[in-house]
Every structure is written in C-alpha cells, then in structure tokens.
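A short write-up of the structure that comes next.
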2 protein chains.
Amino acid sequence: MTDTAPARPRRSDATRAAILRAARERFAADGYERATIRAIAADARIDPSMVMRYYGSKEGLFAAAAEFDLRLPDLTRVPSGQLGETLVRHFLDRWEGDETLAALLRAASTNPGAADRMRGIFADQLGAAVATFGTDPETTARRAGLVAAQILGLALTRYIVRLPPIVAMPPAEVVGWVGPTIQRYLTGSPD
Amino acid sequence: MTDTAPARPRRSDATRAAILRAARERFAADGYERATIRAIAADARIDPSMVMRYYGSKEGLFAAAAEFDLRLPDLTRVPSGQLGETLVRHFLDRWEGDETLAALLRAASTNPGAADRMRGIFADQLGAAVATFGTDPETTARRAGLVAAQILGLALTRYIVRLPPIVAMPPAEVVGWVGPTIQRYLTGSPD
DNA sequence: ACCGTATGCCAACACCTGTTGACACGCCAG
DNA sequence: CTGGCGTGTCAACAGGTGTTGGCATACGGT
C-alpha cells in the first residue's frame, strides 16, 4: 500500500501549493509546451529544481495541476425540465471560478496525456451524472458525449479562442441559448 | 504594388507544395510548438533552411499552411428548414476532407496568431453566410458565434480530444442530433 | 558553349528546454 | 550543543529549437 496521508504537515506544503498555483496559471495561459518549468518556478519564487524534486517531472507536475472534479450536482434532484439550464449555469460557474479546466483544455489540444485526462473527466464524471436519471442505458454515453461537445465548444470559444460574440454574451443569455440544447441532448431525440 | 502572380511557374513549386503539405500534416498532428521545422523538412525530404527561404519563418509557414476557405454553400438557396442539417453535413465533410482545419484548431489553443486566424474565419466567412438570409442584423453575430461554438465543440471532441462516443457516431447520426441545434441557433430564439 | 541565377545542402550560431548533482542553510530531536 | 534531515540554491549538462550564411550544383536563356 502506498502510504498516503500520514497527515504529518510538512514545512514545504506552502511551497508545494505555490508551485501548483503557478503551474495552473501558466498551463492555463500558455498551454503545456509553452509553460516552462523555469517560468512556473519564477512565479512561485523558487528554484526550478524544486519543481523536479516535488513533482518528479513536467508531466508529473501537470498531472498534479490538472486534477479536477466537475462537482456536478445531483441531477436526480433537479426538475427534469430544468436539467439543461442547470447544467449550463453550473459549467459556466465552474469554468470561471477555477482555471484548472482552462489549463486542461488548452493542454488537451497538443498533449496526449492531457487529452486522456479530459476524456476521463467527461466520460466518467459527466457520464455517471447522465446515467443517474433514467434514460435508456444504450444512449447515455452518446448523450453525455453530445453534452460534452456543446459545453467544450462553448468553453473553447469563450475562454480559449475568445470569439467576440460569445465572450460578450452575459451568462444569463448563454444559459438561455445553450440550455435548451443541453436539455435536448439529455432528454430529447434526434431529428 | 507587390507583384503577385507573374504566373511564371517556378521550378521550385513542387518543393513549396511538398513543404506546405508536410506542414499541414505536422501542425494538425502535433500542434504549433511540437511541429518542428526540422520534422516538416524531413517529411518533405529537403533541408530545413529551404523552409526558411520560402516561408521566411515558422510563423510565416504556419500562416501559409493555415490559409483556409470554409466554402460555405449559398444559404439563400437552402430551404430554410434544412439550414442546420445542411451546415452540419457540410462542416463534417469539410473537416474530414482537409486537415487544415484540424491544424488550425490544434494550434489555436496555444498560438495567438492561430487563434486570430480562427476568429477571422468564423467571424468573416460564417458571419457573412449567416447574414445572407434575413434575420435581425442585431443578432447575426451572436447566432454565428453560437453556431461556431457548437461546430467547434463537435470538431474538438471528434478530431482532437477524440471522445469515444462522439468518434463512434456515424455522420448521419451526428447530423440528426446536431442539425436541429444549429437550426435553432440560426432561426430560433433563446429559452 | 557559356554564365547568371535559382535551387539545394551543410555547418554553425545563439538560445532555451527539462533535468541532474553537489553544495549551503536552518530547523528540530537527542 | 550537536548531529541529521528537510528545504532551498547554484551551476552545469545534454539535447533540441529557430534561424543564418556560405558553398556546391544544375538548370535555362543567350
């Protein structure tokens, strides 16, 4: 068994946290390859070699920095007519409150490991949430995939590529437009 | 005036084309930073310095390789009820027949210039197409942006991140699910 | 046949990258 | 007080990057 959580607080915990914070910022702003360990270390005001000691490698650092929980609400407690609206609002909040998702999305375009993690998050977490309410199990994966496609497209155009009309839309209007789409992907049928 | 098109075919045109083809492949597969000039030159079976002579710099090469025309159909000739379906089918074809778009999307996540070009393509070309049929000019930019968000999300999950359920969907089913979404973004109203 | 020029290769540059090992300081248990 | 260990810095390595200039060669017009 790997001894996680001996709970003994180490003096270096603050440094570890600073590194992680700087890493998330840099990965979110620059993507995986342009976010250099040296720049991250400089932001955290320590030597680059510390990053290696605490996280092993750049890949290890990214893996630690890209840990993420969508914190999806319990969809069984949401009125079935408001699923889309609720999810879109939740994703907007989650996206704007934590730059980890932006880091993950930026990196996922070029880094296979990041793409892997992205797949995992949206397949596992979103897939599980979609499976909680009673749609045909045969189609849940597809429905979750379609939701992911719309949500990620929204995130891509709003936070990464920054298409002006999408950036300019207030959250409420985004919910108004995209909510029904998500609703249909979850509970509707094609064509 | 810059003398474009003296129409005199140069002996090096084949080389130029080979470089461009290799560049599109590499940019599409690896993104901007990981696609190295050396690797592109090796694919094209020439010396890296030739790339510099013909395209000036890596940025110049990318700019040439990322030239792209969506070739959107004339939307005024499409029955207004089939706009969504038509557009989705067109985008799927365009995306699968030319890796330039994939290169552009991969690069747009990390390279500001690529993001710029992406914005240009979807604002100018898609925006113009959406403007051709008579919706309120006030909302055309927003409608075009929403369409871009859904289409780019579909492309991201199908060709870049490769979410299994989206990859597995046959084109006809994609059209069946996403077509109505695009239709609503073009001709419908929120909420 | 000749010569200029377009085409291509080679070697090198300056720089930046992730990563490593040796060395210094300071906290804390004994 | 005195070790030992956790924390941090410094300098360097080996490799890869975009980019540059010089040199060979072969084409094409005269």
Side-chain angles (χ1 to χ4, degrees), chain A residues 3 5-27 29-66 103 106-107 110-114, chain B residues 3-24 26-27 29-66 103 106-107 110-114:
Chain A
D3 56 335
R8 167 77 104 68
R10 280 164 299 191
R11 189 158 47 95
S12 62
D13 284 349
T15 304
R16 287 182 142 87
I19 294 176
L20 226 50
R21 196 174 342 121
R24 273 192 262 260
E25 268 181 43
R26 285 284 179 174
F27 282 134
D30 301 337
Y32 184 81
E33 9 275 336
R34 297 174 56 151
T36 73
I37 288 194
R38 282 173 161 88
I40 292 169
D43 287 0
R45 303 181 175 280
I46 33 115
D47 192 87
S49 61
M50 296 264 78
V51 178
M52 304 303 296
R53 191 176 309 185
Y54 290 146
Y55 295 97
S57 68
K58 188 180 181 180
E59 290 250 7
L61 172 62
F62 180 81
R106 266 235 163 75
T110 54
N111 187 268
Chain B
D3 57 335
T4 43
R8 166 77 105 67
R10 279 164 300 190
R11 191 157 45 95
S12 62
D13 284 349
T15 304
R16 286 183 143 86
I19 294 176
L20 225 50
R21 195 172 344 121
R24 273 191 263 259
R26 285 285 179 175
F27 282 133
D30 300 336
Y32 184 82
E33 8 275 337
R34 297 174 57 153
T36 72
I37 288 195
R38 283 172 161 88
I40 293 170
D43 287 359
R45 304 181 174 278
I46 31 119
D47 192 87
S49 61
M50 297 265 77
V51 178
M52 303 304 295
R53 189 176 305 182
Y54 290 145
Y55 295 98
S57 69
K58 189 181 181 180
E59 289 250 7
L61 172 62
F62 180 81
R106 267 234 164 76
T110 53
N111 186 269

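Every chain is numbered from 1, with letters handed out A, B, ... down the list of sequences.
Partners of A:A29 by side chain to side chain contact (heavy atoms under 4.5 Å, CB included), not counting sequence neighbours: none found. Considering only residues two or more places apart in sequence or on other chains, A:F62 meets the ring pair (Phe, Tyr, Trp, His ring centres under 6.0 Å) condition with A:F27, A:Y32. Residues forming a side-chain hydrogen bond (donor to acceptor under 3.5 Å, both in side chains) with B:R38 (at least two apart in sequence, or on another chain): none. Taking B:A44 as the reference, B:A18, B:I19, B:A22, B:I46 meet the side chain to side chain contact (heavy atoms under 4.5 Å, CB included) condition, with sequence neighbours excluded. Here A:D47 pairs with nothing under the salt bridge (charged side-chain N to carboxylate O under 4.0 Å, His left out) rule; sequence neighbours left out. A:A64 pairs by the side chain to side chain contact (heavy atoms under 4.5 Å, CB included) definition with A:L20, A:Y55, not counting sequence neighbours. Not counting sequence neighbours, the partners of B:E33 by the salt bridge (charged side-chain N to carboxylate O under 4.0 Å, His left out) test are A:R34.
To the nearest angstrom, C1' of D:dG6 lies 15 Å from CD1 of A:I46. Atom OH of B:Y55 and atom C1' of D:dG18 are 17 Å apart (whole Å).
Looking only at distances, no side-chain donor or acceptor of B:K58 sits under 3.5 Å from a matching main-chain atom of B:T36.
Within residues 47-54 of chain B, the residues having any heavy atom closer than 4.0 Å to DNA chain D are, in order of number, B:S49, B:M52, B:R53.
Extent of DNA chain C lying under 4.0 Å from chain B heavy atoms, first and last nucleotide in 5' to 3' order, is C:dT7 to C:dA12.
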